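Just so you know, these numbers use all the heavy atoms, side chains as well, and skip hydrogens, waters and symmetry mates. A note on names: the letters A, B, ... follow the listed sequences, proteins ahead of strands, and every chain is numbered from 1. Since this is a predicted model, take the numbers as computed values, not measurements.
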There are 2 protein chains.
Amino acid sequence: MAEVMSARRLHGQALPYVVSHDPREPCAHCEVRGRSVCDAIPDRDLARLAAAAVTRDFPRGRVFIEEGQPAVDFFNMTAGTAKLFKMMPDGRQQIVGFAGAGHFLGLAVADNYAFSAQAVEPVRVCRFSRVKLQSVIHDFPALEQRLLETACNELVTAQETMLLLGRKSASERVASFLISWARVSGTCGHPRDRVHLPMTRADIADHLGLTIETVSRTLTRFRNEKRIRVNDASEITILDRAGLEALAAGE
Amino acid sequence: MAEVMSARRLHGQALPYVVSHDPREPCAHCEVRGRSVCDAIPDRDLARLAAAAVTRDFPRGRVFIEEGQPAVDFFNMTAGTAKLFKMMPDGRQQIVGFAGAGHFLGLAVADNYAFSAQAVEPVRVCRFSRVKLQSVIHDFPALEQRLLETACNELVTAQETMLLLGRKSASERVASFLISWARVSGTCGHPRDRVHLPMTRADIADHLGLTIETVSRTLTRFRNEKRIRVNDASEITILDRAGLEALAAGE
DNA sequence: CGCACACTTGAACCCCCTCAACCCAAGTGG
DNA sequence: CCACTTGGGTTGAGGGGGTTCAAGTGTGCG
């Protein structure tokens, strides 16, 4: 049933992946279902899930969740990368995380979003209305369990980020980021040595509690120390994984 | 059924609160049930919950959860205050949060604890074996829902802490901490102006990503600016709440 | 009393930030 | 085609907020 879809163009960039053309069974052929909370729903009930979902594409730069706004929708990322961030009145920004395909957004169960989300490369999401999804959750306790699991994993990540922001030096932060991003962006969680960085230096800085200049200088130092190779601004190769991991751990 | 228990002494400090003397119904008379996840269990099924729980007391300084150890137990705090922290090989420490009565510990669903917990004042907990509690969860979806809610709230707190650690100045951090601690430690969530600080300056520093000296200097400056009164080392009074709140928000 | 421990205060230092210049690639428009 | 702009990145020089190191001040407790 699934067919190869011609790459849909968004701001000159492609979203090259396979999707179903059958509007009756979008979830059944979803590429990221296996990595997302949706795999808690049994095959025969997928229509129920699909009925609550709408696909949406966002170009690079689009803010699709705004901190403080009423949380009327949940999102499941199916392609691309988004930054999740909080902002202070004077413009200071903290990126609390990057979200890739399979990531569930909107876990904050409160009435308003706790953070904003902006596409750093073209993003595709499944959008669920909150009330509809809650009725699905009600009927499938396994989904709730999966959400709890997800929330706990995010908590662990958040705690590691707090350690990074509170106690690590600039080079330890950048090393931690490279290792961790190589892991999460690698296929199926397997870390790769060639690492694509879709976000800008400013985004990395806003995630690590540093400035653009410090991130740039640190990457340059890593390059001089032969720990990494900088292929171009948005791709690096990890040459000394063990060294970076030790630095990241603070040993 | 409940009687006033003579204050039990732990390392010279009291745990002054009412508990049940009826060993058959500990949960039914639990003081903190209303503020904890346990209120998701209906009255008639409390015996089921009680059967999975054991009460434990820990003196000041006792580490009762160790990061990295197998997560065999969950804990529900019923009295006292604990610090939750991660440590680096060289001893650098980040306190990811403080837990008070009603706080559920062990949410990280992974096989090992993601952080350590240490009593900063005498602590009483309900300890649940993981397998027993999971069977209770299985039978009461409402409990799972409550845990998800809790996890989401902690996630929101964690994101605010990341903003603090990544982007706020020392005085903004201390102001944020005072305001936030006044809120969570106040009865029923109502902030009080007289704030008891059971943790040491070192703990505050390790929570805010600062040093003892900076915390001390900042409190002294707040005192000179008439924003707070320092009653003694472990109690301050907030004199200029609006000013501190504005500073905490970064305005 | 005297020791231990937590906290405070002072002075010097340093890591990272700030400010500024510059590079480079990709538009864009005449 | 070149001139110009724009956005992201790099590099350098100087300054500052917080740390480090050190000394001193309570304060509880044996």
Reading 5' to 3' through nucleotides 24-30 of chain D, protein heavy-atom contacts under 4.0 Å coded B for base, S for sugar-phosphate only, - for none: -------
Nucleotide-resolved protein contact map, nucleotides 3-21 of chain C, B/S/- at heavy-atom distance under 4.0 Å: ----SBBBB----SSBBB-
Listed partners of K83(A) passing salt bridge (Lys or Arg N to Asp or Glu O under 4.0 Å), at least two apart: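 D203(A).
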Non-neighbouring partners of E225(A) that pass salt bridge (Lys or Arg N to Asp or Glu O under 4.0 Å), sequence neighbours left out: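 Salt bridge (Lys or Arg N to Asp or Glu O under 4.0 Å) list for E225(A), sorted by chain: R221(A), R227(A).
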Donor-acceptor under 3.5 Å (R35(A) side chain, G102(A) main chain):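 No, because the side chain of R35(A) does not come within donor-acceptor range (under 3.5 Å) of the backbone of G102(A).
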Pair R124(B) + E31(B), salt bridge at N-O below 4.0 Å: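 Salt bridge flag = no for E31(B) with R124(B).
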Check ion pair E245(A)-R241(A) (N to O, under 4.0 angstrom):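 Yes, E245(A) and R241(A) are salt-bridged.
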Where H207(A) and Q94(A) come nearest, the two heavy atoms and their spacing: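 Between these two residues, the closest heavy atoms are O-NE2, 3.1 Å.
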Residues M88(A), E172(B); criterion side chain to side chain contact (heavy atoms under 4.5 Å, CB included); working and verdict: CA-CA 12 Å; M88(A) 294 176 65; E172(B) 288 166 348; 4.3 Å; yes
Qualifying residues under side chain to side chain donor-acceptor pair (under 3.5 Å), relative to T214(A), sequence neighbours excluded: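 T214(A) satisfies side chain to side chain donor-acceptor pair (under 3.5 Å) with T211(A) only.
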Parallel, tilted or perpendicular: rings of Y113(B) and F75(B) (30°, 60°):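 It falls in the tilted class, 30° to 60°.
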Parallel, tilted or perpendicular: rings of F104(A) and F74(A) (30°, 60°):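 Ring orientation, 0 to 90° scale: tilted.
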Within residues 86-99 of chain A: residues closer than 4.0 Å to DNA chain C (heavy atoms):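 DNA chain C contact set from residues 86-99 of chain A: none.
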